Amino acid sequence: MTVARIRITLRLLLAGVFLLSALSKLPQAGLFEIAIVEQGLAATRSQAAYPARLVIAFELFLGAALLFPYYLKRAILPLVIALLVAFTALQVYQLTLGEQTPDCGCFGALLPMSSAESLVKNILLLAMSLWLFKITPVERRRPAVPALLAVASLFAVLLLAPVRRNYEARFAQYTQFAHGGRVDLTSGERFVAVFSADCDHCRETARSLGELAAQHANFPQLHALIFAESPAAVSAFLQETNSNYPYHLISEQELVALIGDSAPRIYWLRDGKIAAFWDDDFGRHLLAATQTRHSGGRGGSAN
């Protein structure tokens with residue numbers, strides 16, 4: 001293989017990785033916000049909102065810029081190398097001193113990757129980038145192309161994944177679910193059930209909803225917020241109700257704040273806003289909500 005073909009191959013590989021990384025995070029930018037918070041790089045999702053989108057825009061810009069033969073040696077490849085060095089240093093820190101997470105968020109929900117796997121990936125990409133930098137000649141200058149790509153990338157990300165702050169903060173805090181991994185309850189349509197593990201009505205509800213889900217292919221996915229005295233109580237609850245909901249353990253204070261007079265309660269969320277909530281007749285409400293979703297309706301009011 002000639003040097004020219006090696007250059008083209010390396011450029012396309014690097015461009016593909018950066019474009020995949022950016023585009024996989026773009027539809028669910030909230031998950032990347034959560035990943036940044038979980039890794040200790042921001043205290044809240046509000047603080048992570050703009051950095052998350054800047055990283056996505058930067059990756060999108062680099063991926064697109066690598067497809068063009070302009071300013072590669074002078075600017076694009078040094079920026080690629082600098083970003084990969086920063087990512088590598090971050091993963092080394094996470095593995096030694098920081099907060100390790102099951103998924104670094106590099107490829108959104110498309111490809112979960114641990115800190116160790118991300119480190120190996122970054123080292124390989126860094127080696128490829130250094131090799132490409134070494135064999136790339138100094139090319140003619142066309143600063144307008146990279147500048148246009150940078151501006152277009154930033155505007156595209158802010159347009160397609162605008163920063164949102166109008167969701168219910170009480171649901172934004174629940175981001176890790178057993179059997180479900182990282183979840184952004186403030187994005188899209190979500191149905192959240194609030195259960196108490198020692199509540200007979202909750203067990204009856206969870207069991208009946210599981211039976212309905214088996215009978216209706218388009219029955220909505222439930223994410224459960226469960227109050228329990230111990231993990232063993234949650235296991236017993238799931239076993240007794242023959243259910244396998246993605247769940248997050250909550251405190252008694254959180255339970256009281258989320259339910260009405262008694263558990264259970266089910267919330268219908270649209271982009272983090274409460275579209276409706278129900279304290280009884282859950283199956284009928286959920287089936288009706290499913291029909292509303294498929295017909296494009298706006299849904300009902302809260303009970």
Side-chain angles (χ1 to χ4, degrees), residues 25-35 37-38 44-46 48-49 52 103 105 108-110 112 160-196 202 205-206 208-210 212-213 216-227 234 238 241 243-250 254-255 257-260 263-303:
K25 291 194 285 283
L26 191 56
Q28 301 183 66
L31 290 178
F32 191 42
E33 294 174 8
I34 294 169
V37 173
E38 289 179 352
T44 65
R45 285 187 60 178
S46 294
D103 179 14
L110 179 65
L160 297 174
V163 174
R164 296 173 44 252
R165 304 188 187 278
N166 58 346
Y167 48 73
E168 289 277 348
R170 55 180 161 170
F171 293 106
Q173 64 181 309
Y174 304 118
T175 59
Q176 281 290 342
F177 285 74
H179 307 158
R182 187 177 290 143
V183 175
D184 181 10
L185 294 180
T186 70
S187 175
E189 290 196 285
R190 305 284 185 177
F191 293 86
V192 181
V194 184
F195 294 134
S196 175
C202 295
T205 298
S208 63
L209 291 179
L212 277 176
H216 299 272
N218 60 350
F219 197 78
Q221 168 72 63
L222 288 177
H223 287 81
L225 302 176
I226 302 178
F227 165 68
V234 178
L238 296 176
T241 59
S243 56
N244 193 33
Y245 301 118
Y247 71 88
H248 181 98
L249 282 177
I250 59 175
E254 291 172 297
L255 174 69
L258 288 166
I259 64 173
R265 169 174 283 183
I266 294 181
Y267 289 90
W268 180 8
L269 305 179
R270 275 180 163 166
D271 289 330
K273 296 180 181 179
I274 299 174
F277 65 85
W278 309 293
D279 294 321
D280 55 22
D281 209 0
F282 301 108
R284 179 177 66 83
H285 286 304
L286 286 169
L287 288 173
T290 300
Q291 294 175 354
T292 301
R293 293 166 66 200
H294 287 284
S295 65
R298 295 299 301 169
S301 59
N303 286 348

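Because the structure is a prediction, the values reported are computed rather than measured. Start at 1 with the first residue, then count along the sequence. When reading the values below, keep in mind they use all heavy atoms of this one structure, side chains included, and skip hydrogens, waters and symmetry mates.
Pairs of residues two or more places apart, or lying in two chains, never qualify as salt bridge (Lys or Arg N to Asp or Glu O under 4.0 Å) while including a residue from residues 217-227.
For the pair R265 and D279, the tightest heavy-atom approach, listed with the atom from each and the gap, is NE-OD1, 2.7 Å. Taking all atoms of both residues into account, the shortest heavy-atom contact from G108 to K25 is N-CG, 3.6 Å. Here the closest heavy-atom approach between residue R45 and residue G30 is recorded as NH2-CA, 3.5 Å. The two residues G105 and A35 have their closest heavy-atom pair at CA-CB, 4.2 Å. Residues A48 and V37 share a closest heavy-atom pair of CB-CG2, 4.1 Å. Nearest heavy atom pair, residue A109 against residue L31, reads CB-CD1, 4.0 Å.
Shown here are the salt bridge (charged side-chain N to carboxylate O under 4.0 Å, His left out) partners of D271, two or more places apart in sequence or in another chain: there are none. Residues satisfying the ring-ring contact (aromatic ring centres under 6.0 Å, His included) test with H223, not counting sequence neighbours, are F177. For the salt bridge (charged side-chain N to carboxylate O under 4.0 Å, His left out) test, no residue two or more places apart in sequence or in another chain qualifies with R190. Applying the side-chain contact (heavy atoms from CB on, under 4.5 Å) criterion to T205, with sequence neighbours excluded, gives F195, H201, L209, P264, F282. Listed by chain and number, the residues in a side-chain contact (heavy atoms from CB on, under 4.5 Å) with A213 are F219 (sequence neighbours excluded).
Considering Y174, F171, F227 as possible partners of H248, the one that fulfils the ring pair (Phe, Tyr, Trp, His ring centres under 6.0 Å) test is Y174.
Checked by atom type and distance alone, the side chain of R164 pairs as donor or acceptor with a backbone atom of T186 at under 3.5 Å. In this structure, the side chain of Y267 engages the main chain of L258 through a donor-acceptor pair within 3.5 Å.
At a threshold of 4.5 Å between non-hydrogen side-chain atoms, the residues L286 and F191 count as touching.
Taking the six-membered ring for Trp and the full ring otherwise, Y245 and H179 have centroids separated by 6.0 Å or more.
Remark: E38 engages R182 in a salt bridge, criterion side-chain N to carboxylate O under 4.0 Å.
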